[in-house]
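Following: one structure in structure tokens, then a few remarks.
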Amino acid sequence: MIYADYNGSAPLCREVIDYLKDRLENGPYSNPNAIHHLGQKTKMAMENARAVCAKTVGALPKQIIFNSGSTEGISQVFFSLLYGKVNEGRKRILISGIEHSAVINCAQFYSDDQGYEVTVIPTQQNGQCDVNALKEIINSSPETVAMVAVMAANNETGVVQPYKEIGEICQSTNIPFVCDTTQFIGKTPFNFAESHIDFAFVSGHKVGAMTGAGFILAKDPTLLRPLVIGGGQEKSLRGGTQNYIGFETIAVAMNTFEQKKEKVENLQKKRMDFEKKLKEKFPVVIMGDDAPRLGGTTFISYPGIHGQAVQIELETQDIYVTTSSACSDNEPTTSKVLKAMGITDDVGRGAVRISLGPCSPEDAYDKIYIALEKAYEKLGKIKSF
Ligand SMILES: Cc1ncc(COP(=O)(O)O)c(C=O)c1O
């Protein structure tokens with residue numbers, strides 16, 4: 001079996017599994033907010049996890065607010081920056097055209113509920129947000145912008161965004177920069193202190209840790225307001241008894257990534273060889289081909305062959321990939337991200353996402369190549385559109 005949906009959810013990494021076996025067997029289990037000895041021991045493990053996470057991303061422990069993951073984190077940051085009378089005069093939200101629904105739907109909510117105007121920054125053909133267009137939008141009236149939200153790497157294409165440049169622009173114009181780093185941190189070296197980002201996000205299940213655990217990185221945590229009120233946990237920024245074992249697994253996964261950074265380069269090389277071979281043999285299109293991309297992400301299309309047909313064919317060979325296509329009336333459509341890049345339907349409908357991680361087996365790309373070659377040869381004879 002080859003699991004190639006790391007961008008959807010990564011399997012627990014080996015080090016996390018080993019850690020959990022011991023952790024679950026031996027404890028400690030307690031409420032980390034209890035003042036008895038076991039509570040304090042549990043809290044110490046959780047605070048150690050915070051310190052490890054902070055060190056691996058170049059942040060301070062106090063800049064980490066543990067939560068359930070990126071959707072919650074993004075919602076809390078939007079709430080903190082936009083809800084109520086926090087923004088007299090600043091009524092515009094700028095977002096890229098390739099954001100995850102966790103960002104798009106928040107922007108839509110604050111537009112409907114609080115009267116913000118959402119402006120979508122154009123996307124270039126290579127899948128990167130157009131920084132010059134963003135500059136022009138901001139420069140026309142910086143004092144009206146309440147926030148800029150542009151992700152660090154796209155979940156479909158893996159295209160890495162010019163987030164540092166965007167951060168610098170935001171910093172120089174005094175606009176909060178919210179950067180969805182869910183697909184970036186834990187897959188690519190990252191330093192929060194040098195990023196010019198005000199708020200960033202991690203979801204444990206994207207980095208080989210447990211699902212339902214994550215954190216916000218906040219340059220200035222005093223700007224946050226609690227979305228979940230509760231009893232003062234996380235310095236009153238996120239109520240509810242903490243998922244301390246989940247947080248510990250993030251620390252283990254992030255630390256493992258830190259120790260094995262060379263694996264990312266290796267993965268990138270293998271991905272490039274894999275794509276080169278495919279391009280030589282088939283008339284395929286690789287989305288964001290000439291842009292910097294995550295080491296293990298290929299979003300590929302063979303125009304004329306439905307992505308879903310390829311997905312099913314690969315599944316019969318025990319290989320698990322995804323398409324980005326939302327299916328309605330058996331009419332798979334081109335994803336919003338690809339549309340923003342100007343990709344036409346004949347290419348968009350064929351899209352298949354193959355996403356691996358540093359812990360994928362060494363021969364994963366070789367096996368996927370053989371299976372994909374078989375699938376394209378078979379389906380190419382009965383092209384579906
Ligand atoms: C770019 C991006 N942002 C946000 C999210 C939401 O993460 P979660 O479902 O862990 O809250 C995802 C998950 O797919 C994602 O890929």
Side-chain angles (χ1 to χ4, degrees), residues 3-12 16 53 64-79 95-109 121 123 127-129 147-163 166 177-188 190 195 197 199-217 227-228 238 240 243 246-247 249-250 253-254 287-288 291 293-299 320-326 335-338 340-341 351 353-357:
Y3 181 78
D5 186 19
Y6 272 65
N7 289 11
S9 210
L12 292 185
V16 169
C53 289
I64 288 188
I65 298 93
F66 282 130
N67 61 16
S68 67
S70 294
T71 302
E72 181 189 331
I74 291 164
S75 300
Q76 182 173 0
V77 168
F78 269 72
F79 171 73
I95 68 170
S96 85
I98 53 164
E99 292 302 300
H100 187 270
S101 52
V103 166
I104 300 171
N105 293 340
C106 270
Q108 189 59 48
F109 175 83
I121 308 153
T123 306
Q128 287 189 307
C129 170
M147 71 147 74
V148 169
V150 179
M151 64 197 342
N154 183 263
N155 42 302
E156 291 185 17
T157 60
V159 171
V160 174
Q161 302 299 313
Y163 68 89
I166 296 172
F177 177 35
V178 180
C179 184
D180 180 356
T181 47
T182 311
Q183 295 289 351
F184 193 74
I185 295 181
K187 292 181 180 174
T188 305
F190 174 78
S195 70
I197 296 172
F199 298 99
F201 311 91
V202 169
S203 265
H205 71 112
K206 305 285 189 195
V207 300
M210 280 169 76
T211 190
F215 59 83
I216 297 179
L217 276 167
L227 196 58
V228 181
R238 202 269 186 171
N243 174 7
F247 306 150
T249 65
I250 302 180
M254 301 283 285
M287 323 297 172
R293 273 181 288 141
L294 292 174
T297 303
T298 301
F299 203 22
Y320 297 86
V321 299
T322 51
T323 68
S324 68
S325 307
S335 79
K336 280 195 216 105
V337 170
L338 296 184
M341 292 166 68
R353 183 181 69 182
I354 299 155
S355 57
L356 297 176

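Residues take their numbers from the sequence shown, with the count starting at 1. Just so it is clear, the structure is predicted and the values come from calculations on it, not from any experiment. Counting starts at 1 for both ligands and their atoms, in listed order.
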Quick check: do Glu156 and Ser335 have side-chain heavy atoms less than 4.5 Å from each other? yes
Does any non-hydrogen side-chain atom of Val178 lie less than 4.5 Å from one of Val148? no
Do the side chains of Glu99 and Lys336 get close enough for a salt bridge, i.e. N-O under 4.0 angstrom? no
Which residue owns the protein heavy atom closest to atom 1 (C) of ligand 1, what's the atom, and how far is it? Asp180 OD2, 3.3 Å
Under 3.5 Å, N or O to N or O, is His100 touching ligand 1 that way? yes
Taking only non-hydrogen atoms of Asn155 and a 4.0 Å limit, the atoms of ligand 1 in range are 1 (C), 16 (O)
Can you tell me which residue and heavy atom of the protein come closest to atom 11 (O) of ligand 1, and the distance to 0.1 Å? Thr71 OG1, 2.6 Å
Nearest-0.5 Å distance, NZ of residue Lys206 to OG1 of residue Thr211: 8.5 Å
Would you call the rings of Phe190 and Phe184 parallel, tilted or perpendicular if under 30° counts as parallel and over 60° as perpendicular? perpendicular
For atom 14 (O) of ligand 1, find the nearest protein heavy atom and state the residue, atom name and distance (0.1 Å precision). Lys206 NZ, 2.7 Å
Does any part of the side chain of Thr123, heavy atoms only, come nearer than 4.5 Å to the side chain of Ser96, both counted from C-beta? no
From the options Gln183, Glu156, Met151, select the one whose nearest heavy atom is closest to atom 16 (O) of ligand 1. Gln183
For ligand 1, which atoms, with element, lie under 4.0 Å from some heavy atom of Ser203? 7 (O), 8 (P), 10 (O), 11 (O)
At under 4.0 Å between heavy atoms, what of Glu72 touches ligand 1? The answer is neither
Close approach, Glu99 and ligand 1, non-hydrogen under 4.0 angstrom: no
Considering the options Thr157, Asp5, Thr323, which one meets the side chain to side chain donor-acceptor pair (under 3.5 Å) requirement together with Arg353? Asp5
